[in-house]
Amino acid sequence: VGTKNWKPEIKLPLLRTLGIDRCIVAMSNDRGGNEVQDTIVQDVGTEFVAEQFRPPSGKDPGGMSLKAIQRLRRQVQSG
């Protein structure tokens with residue numbers, strides 16, 4: 001999605017087409033990522049079960065350790 005790319009009027013219809021009922025939002029764990037993640041969770045939560053996953057401080061999802069990835073996997077599987 002990206003911190004500057006979240007537009008609920010565009011992204012929510014795309015999520016609807018996926019037939020999901022739950023969405024886990026994972027953004028970079030920095031100020032910008034945390035701010036947009038909170039906004040996305042609020043917007044997505046109007047239509048789906050919305051959860052947050054925060055990587056370790058200062059990291060983004062692409063740079064997560066195996067331990068953080070396993071934590072995310074447990075969150076996904078618990079739903």
Side-chain angles (χ1 to χ4, degrees):
V1 171
T3 59
K4 305 234 189 282
N5 295 330
W6 177 251
K7 294 179 178 47
E9 65 276 8
I10 295 170
K11 303 297 183 174
L12 284 174
L14 294 173
L15 289 173
R16 281 185 215 113
T17 66
L18 297 174
I20 64 170
D21 58 6
R22 178 175 171 235
C23 181
I24 298 174
V25 181
M27 302 296 288
S28 298
N29 193 355
D30 56 24
R31 194 178 90 202
N34 290 336
E35 288 174 4
V36 76
Q37 183 168 339
D38 292 340
T39 300
I40 293 170
V41 167
Q42 286 178 341
D43 292 343
V44 170
T46 63
E47 298 192 36
F48 310 102
V49 174
E51 300 176 33
Q52 295 187 27
F53 178 85
R54 293 202 196 272
S57 184
K59 300 283 186 183
D60 67 26
M64 290 190 314
S65 67
L66 177 59
K67 184 177 178 179
I69 292 169
Q70 289 169 334
R71 199 174 88 222
L72 175 58
R73 174 182 254 167
R74 283 191 301 274
Q75 183 174 348
V76 169
Q77 291 173 337
S78 71

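As a basis for the values below, the full set of heavy atoms in this structure was taken, side chains included, without hydrogen atoms, waters or symmetry mates.
- Although no hydrogens or angles enter the test, the distance criterion places a donor-acceptor pair under 3.5 Å between the side chain of Arg22 and the main chain of Val76.
- The closest side-chain donor-acceptor pair between Arg73 and Gln75, if any, does not fall under 3.5 angstrom.
- Put simply, CG on Leu15 and CG on Asp21 are 12.0 Å apart, with the number rounded to the nearest 0.5 Å.
- A distance-only check finds no donor-acceptor pair linking the side chain of Thr46 to the backbone of Gln42 [under 3.5 Å].
- Side-chain contact check for Glu47 versus Leu12: some heavy-atom pair is nearer than 4.5 Å.
- Leu72 places a side-chain heavy atom less than 4.5 Å from the side chain of Ile24.
- Grouping the Ile, Leu, Val, Met, Phe, Trp and Tyr side chains by contacts below 4.5 angstrom, directly or via other members, places Phe53 apart from Val49.
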* Steps toward side chain to side chain contact (heavy atoms under 4.5 Å, CB included) verdict (Met27, Trp6) -> CA-CA 12 Å; Met27 302 296 288; Trp6 177 251; over 6 Å; no

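- Here the shortest heavy-atom pairing between Pro13 and Pro8 reads CD-O, 3.6 Å.
- In terms of heavy-atom proximity, Gly63 sits nearest to Lys59 at O-CD, 4.1 Å.
- For the residue pair Asn29 / Asp60, no side-chain donor-acceptor distance below 3.5 Å is found, with atom types taken as modelled.
- In terms of hydrophobic clustering, with Ile, Leu, Val, Met, Phe, Trp and Tyr side chains grouped at heavy-atom distances under 4.5 Å, Phe48 and Leu18 are assigned to a common cluster.
- At a threshold of 4.0 Å, the pair Arg31-Asp38 does not count as salt-bridged, since none of the basic side-chain nitrogens sits closer than that to a carboxylate oxygen.
- Separation of atoms NZ (Lys7) and CG (Asn5) is listed at 6.0 Å; rounding is to 0.5 Å.
- Separation of atoms CG (Asn34) and CZ (Arg54) is listed at 4.0 Å; rounding is to 0.5 Å.
- A donor-acceptor contact shorter than 3.5 Å links the side chain of Gln37 to the backbone of Val25.
- Across every non-hydrogen atom of Pro61 and Ser28, the tightest pair is CD-N, 3.8 Å.
- Once rounded to the nearest 0.5 Å, the distance linking SG of Cys23 with CD of Glu51 reads 9.0 Å.
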